Amino acid sequence: MATAAIHIVPDDSFDDWVMRDDEGHALGHFATRESAERAAKALARQREADLVIHLPDGRTSRKSFARGLLARWLSG
């Protein structure tokens, strides 16, 4: 099963950043990449998902907030 992801992408005109789910639904719009990342990190931690940042030059950065089996077992 693939890990869910939260995506941060610049909008088409590059004047704001959009937080989206895997299905492409917009979860929020932010004036800066930094503010979008802060919100997305919190959501990714909550959902135990990956955070994928799509840069304007086509590069991506991915960070996983998925908890492993041991962490889930210890918290349960």
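A quick note: this is a predicted structure, and the numbers were derived from the prediction, not measured.
Closest approach of W17 to H54, counting heavy atoms only: CZ3-O, 3.5 Å. Contact record, D22 with A5: OD2-N, 3.0 Å, taken as the closest heavy-atom pair. Taking every heavy atom of both residues into account, S64 and D50 meet most closely at OG-OD1, 3.0 Å.
Note that the CD atom of E48 and the CD atom of Q46 stand 10.0 Å from one another [nearest 0.5 Å].
The local environment of CG in D12 is sparse, with at most 12 non-hydrogen atoms from other residues, nucleotides or ligands closer than 6.0 Å.
Between R62 and L51 there is no side-chain heavy-atom pair separated by less than 4.5 Å. Between L43 and M19, some side-chain heavy-atom pair lies under the 4.5 Å cut-off. In this structure, I53 and L55 have side chains that are in contact, with non-hydrogen atoms separated by less than 4.5 Å.
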Quick one: side chains of residues 27-35, donor-acceptor pairs under 3.5 Å with protein atoms, not counting sequence neighbours, listed by atom name and distance.
unit_1: H29; atom_1: ND1; unit_2: D16; atom_2: OD2; d: 3.2
unit_1: T32; atom_1: OG1; unit_2: S35; atom_2: N; d: 3.1
unit_1: T32; atom_1: OG1; unit_2: S35; atom_2: OG; d: 2.9
unit_1: R33; atom_1: NE; unit_2: E37; atom_2: OE2; d: 2.7
unit_1: R33; atom_1: NH2; unit_2: E37; atom_2: OE2; d: 3.4
unit_1: S35; atom_1: OG; unit_2: T32; atom_2: O; d: 3.0

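Cluster membership for I6 and F65, using ILVMFWY side-chain heavy atoms within less than 4.5 angstrom, is shared.
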